[in-house]
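Worksheet: one structure, shown below.
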Amino acid sequence: MSALAQILERIDADEVVELTRSLVRIPSVYRPGDPDATEARVAAFVEAWFRGEGFSVEVQDVAPGRPNVVAWIGDKTPGTRSLLLEGHTDVVTEGRPGDWSRPPFGADLADGRVYGRGAADMKSGLAAAMIAGAAFLRAGVTPRGKLVIGALVDEEGAMLGAHHLVRTPIGRELDAAIICEPEDNELCLEQRGVVWARVRARGRMAHGAMPEAGVNPIACLGAVLAEAPRLQARLRRRAERSRYLKPPTVTPTTIEGPARGIGVPQSNVIPAVAELTLDIRLTAGVDEDAIRGELERLCSGATKRFPDAKVEWEAINPFRLATRVDRSEAIVQAMIRGVREATGQRPRFGGVPGSTDGTVLRMALGIPIVTCGPGNRLIPHQVNEHVEVSQIVDAAKIYAASALHYLEA
Ligand SMILES: [Zn+2]
């Protein structure tokens, strides 16, 4: 029997489903200030599971109560590769439990689905990656190179887990990664990027009855807002066309005058400072310098119209650029083959509308990433989140077959 057949034989559908349910039953919403609301418990479960299966395991303390669990089999020796199957252990809030038709952390199994917060995003993807790795060990197949499974923290926040991983030896030696996020098991070679730009206008405080005595930063932000559609058009001209993703968008999401922490709003006072946030979503082809240049242009345009005001911007998140990986990359080729062998079907391709931990890996390490995992991409963060059992089992097989081919090559 081929190594692939031996590995696939060790993937048991019921076990993948039960592991998913065990992970969903451990709540892992991160709530700042609450020491019990972190990824710690689910991370401890994952660590014990890996150790029980015979993986090498490293626990990386990213923040108090927030450990990355990184497990691997094999070694990266000269001429071989290291592949990461990446998942995250945090989930977003369940919201009001009464809005759910099933308990958010009950992991109910019904109608061929597992229900619960994190069922799709992404405890099923993590479970599939864990079982895929374990199948190598159980089949007695040592991969050429190194197969790493990462259960990282804080993907839903600042992606601290991924930022930590890329600075560690095991992260720095990675050659490629499969991001196990819910994408209906499509091979997603592109992800949108996101930049949150805070634009601040400084004017001069004055009485609302005598506006000529002041400089109105709110009117100045009005000029910025009026220019936003043109900024969007310029970014679209710079971006590469995508078959799978919407073109760049520039969306004002907050506006405050006076700016937070600078006085209280009063109807008869022109504030000294006002701020707004632009939520900028990107597709491939727009780099950091281009965005910075466009935002500078936006601010200097507003300053020209309001010469006595000062308009500046700053990024309030680390830049998350769009990612795109070429179909000719070895990891993509291995996955195309892996999907065929694991499911008997031709791969479907897609794109990720948001960014993931893969964005950090791609930007920091320059490695190719493919996002592919069980679950409908629209279902995360909603009530009654669920995942199809058949997709979880397919994902485990896809990961195992793809890993074998990528590391073998
Ligand atoms: Zn996710």
Side-chain angles (χ1 to χ4, degrees), residues 19-21 23-24 26-31 37-39 42-43 46 62 66-70 84-95 104-105 107 113-130 132 149-166 177-194 245 281 317-318 320 322-323 350-363 369-388 391-392 395-396 398-399:
L19 182 57
T20 301
R21 299 179 72 198
L23 296 173
V24 170
I26 308 173
S28 52
V29 178
Y30 174 62
R31 294 190 170 93
T38 70
E39 300 90 339
V42 73
V46 170
V62 175
R66 313 193 74 187
N68 283 346
V69 180
V70 184
L84 172 68
L85 303 180
E86 195 269 352
H88 61 82
T89 47
D90 59 323
V91 296
V92 296
T93 178
E94 70 277 24
F105 298 104
R113 296 167 166 177
V114 176
Y115 286 84
R117 175 57 80 229
D121 187 9
M122 58 170 291
K123 286 171 168 171
S124 55
L126 177 58
M130 292 164 74
I149 294 123
L152 311 186
V153 297
D154 194 44
E155 194 273 345
E156 303 290 0
M159 303 186 176
L160 295 177
H163 282 287
H164 184 96
L165 177 71
V166 299
I178 299 172
I179 311 302
C180 308
E181 292 271 4
E183 299 296 341
D184 282 309
N185 286 339
E186 291 179 354
L187 301 186
C188 299
L189 308 187
E190 302 175 32
Q191 308 187 122
R192 276 177 119 202
V194 55
L245 297 175
R281 303 287 165 155
N317 69 333
R320 291 179 191 165
T323 68
V352 183
S355 53
T356 68
D357 280 340
T359 308
V360 176
L361 301 177
R362 178 106 177 109
M363 286 182 67
I369 57 157
V370 179
T371 312
C372 172
N376 181 312
R377 71 167 57 93
L378 301 176
I379 212 79
H381 305 196
Q382 296 187 13
V383 298
N384 300 324
E385 180 179 343
H386 59 266
V387 60
E388 307 285 332
Q391 285 199 5
I392 318 176
I398 291 168
Y399 298 155

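All ligand and atom numbering here is 1-based and tracks the order in the structure.
Taking a cut-off of 2.8 Å, the protein N, O or S atoms nearer than that to the Zn ion (ligand 1) are H88 NE2, D121 OD1, E181 OE1, E181 OE2.
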As a quick check of understanding, evaluate side-chain contact (heavy atoms from CB on, under 4.5 Å) for D121 and V92, giving each step before the final call.
CA-CA 9 Å; D121 187 9; V92 296; 5.7 Å; no
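Taking the side chain as every heavy atom from C-beta outward, H164 and L160 never approach each other to under 4.5 Å.
For the residue pair A127 and T20, the shortest heavy atom distance occurs at CB-OG1, 3.4 Å. Residue V153 comes nearest to E39 through the heavy atom pair CB-OE2, 3.4 Å, listed as atom of the first residue, atom of the second, then distance.
Ion pairing of E94 with R31 is present here, as a side-chain N (NZ or NE/NH1/NH2) and a carboxylate O approach within less than 4.0 Å.
Judged by distance alone, with hydrogens and angles left aside, the side-chain atoms of D154 form no donor-acceptor pair with the main-chain N or O of G161 at under 3.5 Å.
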